[in-house]
K.L.:
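Structure incoming, see below.
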Amino acid sequence: MDKAVRDKYTVVIGLEVHAQLLTKSKIYNSDSAEYGGAPNTHVSVITLAHPGTLPKLNKKVAEFAMKMGLACNCEISRYQIFDRKNYFYPDLPKGYQLTQDRTPICKGGFITIDTKSGEKNIPLNRIHIEEDAGKSIHLDDETDTMLDFNRSGVALIEIVTEPALRSSEDAGTLVSEVRKLVRYLEICDGNMEEGSLRCDANVSVMLNGAKEYGKKVEIKNMNSIRNVQRAIDHEVERQINLIELGEQVVSETRTYDVDSGDSYSMRTKEELNDYRYFPDPDLSAMIVSEQWLTDIKNTMPALPRELKHKFITEYKLPEYDAQVLTDSREVANYFEAICTHCHNFKAVSNWVMGPVKSHLNELKENEFQFPVSPSTLANLIEMVDQDKVSFAVAAQKIFPQLIANPNQDPLVLAQQLNLLQDSNEDSIMPIVEQVIKEFPLKVQEYRKGKKAIITMFMGEVMKRSKGKADPKLATELLLKKLS
Ligand code: ADP
Ligand code: MG
């Protein structure tokens, strides 16, 4: 799209993010809420909506939702009722979804994101709790639709932002911030591919400076942050093209097809259901007492932004390090645990951001299983600090051995593998002299002023010492001999 045309418009985005809660049982009954399982094995008569069955609220669901509300600076509603959202669909056996319409558990609040122009608070409209629907499965070689009710009644929170986002990039950042928060709070695994975190984007465009927002289009069906951004970019172009042609944007729900990069209409606003919300008569109101709220506040962990600030001020880390280390709570905890044993915080940071994270990257996303204990890794880091081994040897030779045998003492390991650094002048000097003798021309060049050649000499010394020569001492000796 022509940039001049694009630049005439302001993009307006509001997100609705659904997060599946990590409770053991479902929101209104005791069926297992675990992901997967053989179809229709987590289904009691309540899930299947047999006549006469009654819902009962799972207390954990309310607690998890309140935690998210506290993390997002929301007001927690003290008096809540539950509403029926009526619609017919094969994977919704009750004929209505139990949700919160008029009394969402959390109101207002904001989520802070990092944008190109600094931090920005994105205001929230609400967070409410509701139940998930079952799954309709359409198999290629079947003419019938298969129904799996395992997911039916699993607890969700829905986080609804105000239309305050102005770019697809910021929208993506908001989703990843939500994912980080729910993982820190341990209320949702944040897995977008498995659908435990899902996002709908509402998009409109308006001419710069316009007083009123344009007609919004809701886009569904995006299973990664990248696709959220791609779908929004596509929608923005589609709307601008329509307006430029003098046509109208229609309020509708569209679905984005990742493979074709195109979207198509699912239903227009006119055909939208009237959900006939009304208070559910089977569930009594929920009252949040002062004591309950205080108890929940007391279980709140440090949040990523607080930790990031702490890492910058207390551990004196660069902002970049603090950001990377607080991306996940497990990594942040691991970093802090090492720091209780080793006070060279920047070295610890380098180790965690480098070798530790690259090992973790080979594992499944969101899985933290690092075998080496913080104190053992601290020992290895100190060995480098004390020039017993070089960083390269520690990272490339000792570290992989430690991962394979996490109970080994790194010092013993280094001794066994004959990797301890040689800081003995008597053994390094002969190597230095040998190298100088073998490269007389290079020595001449060096003496004529080509000082960079020192790295070539160092390379030779390190090679001949099998990486064990103490580089500081070796440099010293080389300089002495060359001058
Ligand atoms: P609806 O009544 O259609 O459900 P809501 O006002 O409840 O609309 O808003 C639903 C979502 O759409 C919210 O995330 C909100 O921020 C977003 N939204 C509302 N108006 C616009 C708009 N003009 N452009 C983009 N997003 C919008
Ligand atoms: Mg709405």
Side-chain angles (χ1 to χ4, degrees), residues 6 8-19 68-69 72-74 77 83-87 97 99-113 120-130 156-179 181 197-222 225 228-229 231-240 242-243 248-256 263 265-277:
R6 173 68 179 75
K8 291 196 311 197
Y9 291 89
T10 299
V11 176
V12 176
I13 304 160
L15 297 180
E16 295 165 286
V17 184
H18 285 93
M68 188 61 179
C72 301
N73 320 285
C74 303
S77 307
D83 299 284
R84 291 187 181 182
K85 179 179 179 180
N86 299 280
Y87 64 98
Q97 179 192 29
T99 179
Q100 294 186 307
D101 182 38
R102 259 161 297 175
T103 57
I105 188 161
C106 313
K107 287 187 260 183
F110 60 88
I111 293 177
T112 307
I113 60 169
K120 196 171 168 197
N121 292 338
I122 304 302
L124 299 184
N125 179 281
R126 60 198 267 153
I127 300 174
H128 65 257
I129 56 187
E130 62 186 24
L156 300 175
I157 51 174
E158 180 176 342
I159 302 142
V160 184
T161 78
E162 293 292 348
L165 293 151
R166 291 291 174 269
S167 69
S168 63
E169 204 184 339
D170 289 357
T173 309
L174 186 107
V175 179
S176 77
E177 199 65 35
V178 168
R179 182 172 62 183
L181 284 173
L197 195 74
R198 311 196 280 265
C199 171
D200 301 336
N202 300 274
V203 181
S204 67
V205 300
M206 60 182 179
L207 282 171
N208 297 337
K211 295 233 163 48
E212 254 176 62
Y213 290 155
K215 285 239 174 69
K216 76 168 153 64
V217 169
E218 184 180 9
I219 316 162
K220 292 202 173 287
N221 204 20
M222 297 165 293
I225 289 171
V228 170
Q229 294 180 338
I232 293 173
D233 288 336
H234 174 269
E235 181 57 24
V236 167
E237 284 212 8
R238 198 187 65 85
Q239 291 185 14
I240 293 178
L242 278 176
I243 297 171
Q248 298 271 330
V249 174
V250 185
S251 285
E252 61 184 346
T253 301
R254 298 179 74 87
T255 179
Y256 180 72
S263 68
S265 180
M266 291 167 79
R267 52 175 185 263
T268 61
K269 197 84 185 176
E270 287 71 52
E271 317 160 28
L272 267 187
N273 291 310
D274 172 4
Y275 293 118
R276 289 174 293 120
Y277 283 101

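When a ligand or atom number is given, it counts from 1 through the structure's own listing order. Nothing here was measured: the structure is a model prediction, and the numbers come from that model.
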K.L.:
When you measure from the side chain of Asn86 to the backbone N and O of Tyr275, does any donor-acceptor pair fall under 3.5 Å?
P.N.:
yes
K.L.:
Extract all donor-acceptor atom pairs below 3.5 Å that involve side chains of residues 101-112 and protein atoms in other chains or at least two apart in sequence.
P.N.:
{"unit_1": "Thr103", "atom_1": "OG1", "unit_2": "Ile81", "atom_2": "N", "d": "2.9"}
{"unit_1": "Thr103", "atom_1": "OG1", "unit_2": "Ile81", "atom_2": "O", "d": "3.1"}
{"unit_1": "Thr112", "atom_1": "OG1", "unit_2": "Asn121", "atom_2": "OD1", "d": "2.8"}

K.L.:
Need the ligand 1 atom indices (1-based, order shown) with element for anything under 4.0 Å from a heavy-atom of Val160.
P.N.:
13 (C), 14 (O)
K.L.:
Judged on heavy-atom distance to atom 26 (N) of ligand 1, which of Leu15, Asn202, Val217, Ile159 sits nearest?
P.N.:
Asn202
K.L.:
Is there a donor-acceptor contact under 3.5 Å from the side chain of Asn208 to the main chain of Lys8?
P.N.:
yes
K.L.:
Measuring from atom 13 (C) of ligand 1, which candidate in Val205, Val11, Thr161 has the nearest non-hydrogen atom?
P.N.:
Thr161
K.L.:
What is the minimum heavy-atom distance between Ser168 and Ile13, and which atoms define it?
P.N.:
N-CD1, 3.9 Å
K.L.:
For ligand 1, indicate whether the residue Val12 contacts it via side chain, backbone, both or neither (heavy-atom separation under 4.0 Å).
P.N.:
both
K.L.:
Using modelled atom types and a 3.5 Å cut-off, is there a donor and acceptor pairing between side-chain atoms of Gln239 and backbone atoms of Val203?
P.N.:
yes
K.L.:
For Ile129 versus Gln100, what's the shortest heavy-atom pair and its separation?
P.N.:
N-OE1, 3.2 Å
K.L.:
Heavy-atom contact check, 4.0 Å cutoff: does Gly214 meet ligand 1?
P.N.:
yes
K.L.:
If only atom types and distance count, is the side chain of Arg198 paired as donor or acceptor with the main-chain N or O of His18 below 3.5 Å?
P.N.:
no
K.L.:
Looking only at distance, does Val203 have an N or O less than 3.5 Å from an N or O of ligand 1?
P.N.:
no
K.L.:
So if I count the atoms of ligand 1 from 1 in the order they appear, which ones are less than 4.0 Å from some heavy atom of Glu162?
P.N.:
16 (O)
K.L.:
In terms of atom number and element, which parts of ligand 1 are under 4.0 angstrom from non-hydrogen atoms of Tyr213?
P.N.:
23 (N)
K.L.:
Using a 4.0 Å heavy-atom cut-off, say whether Asn125 meets ligand 1 through its side chain, its backbone, both or neither.
P.N.:
neither
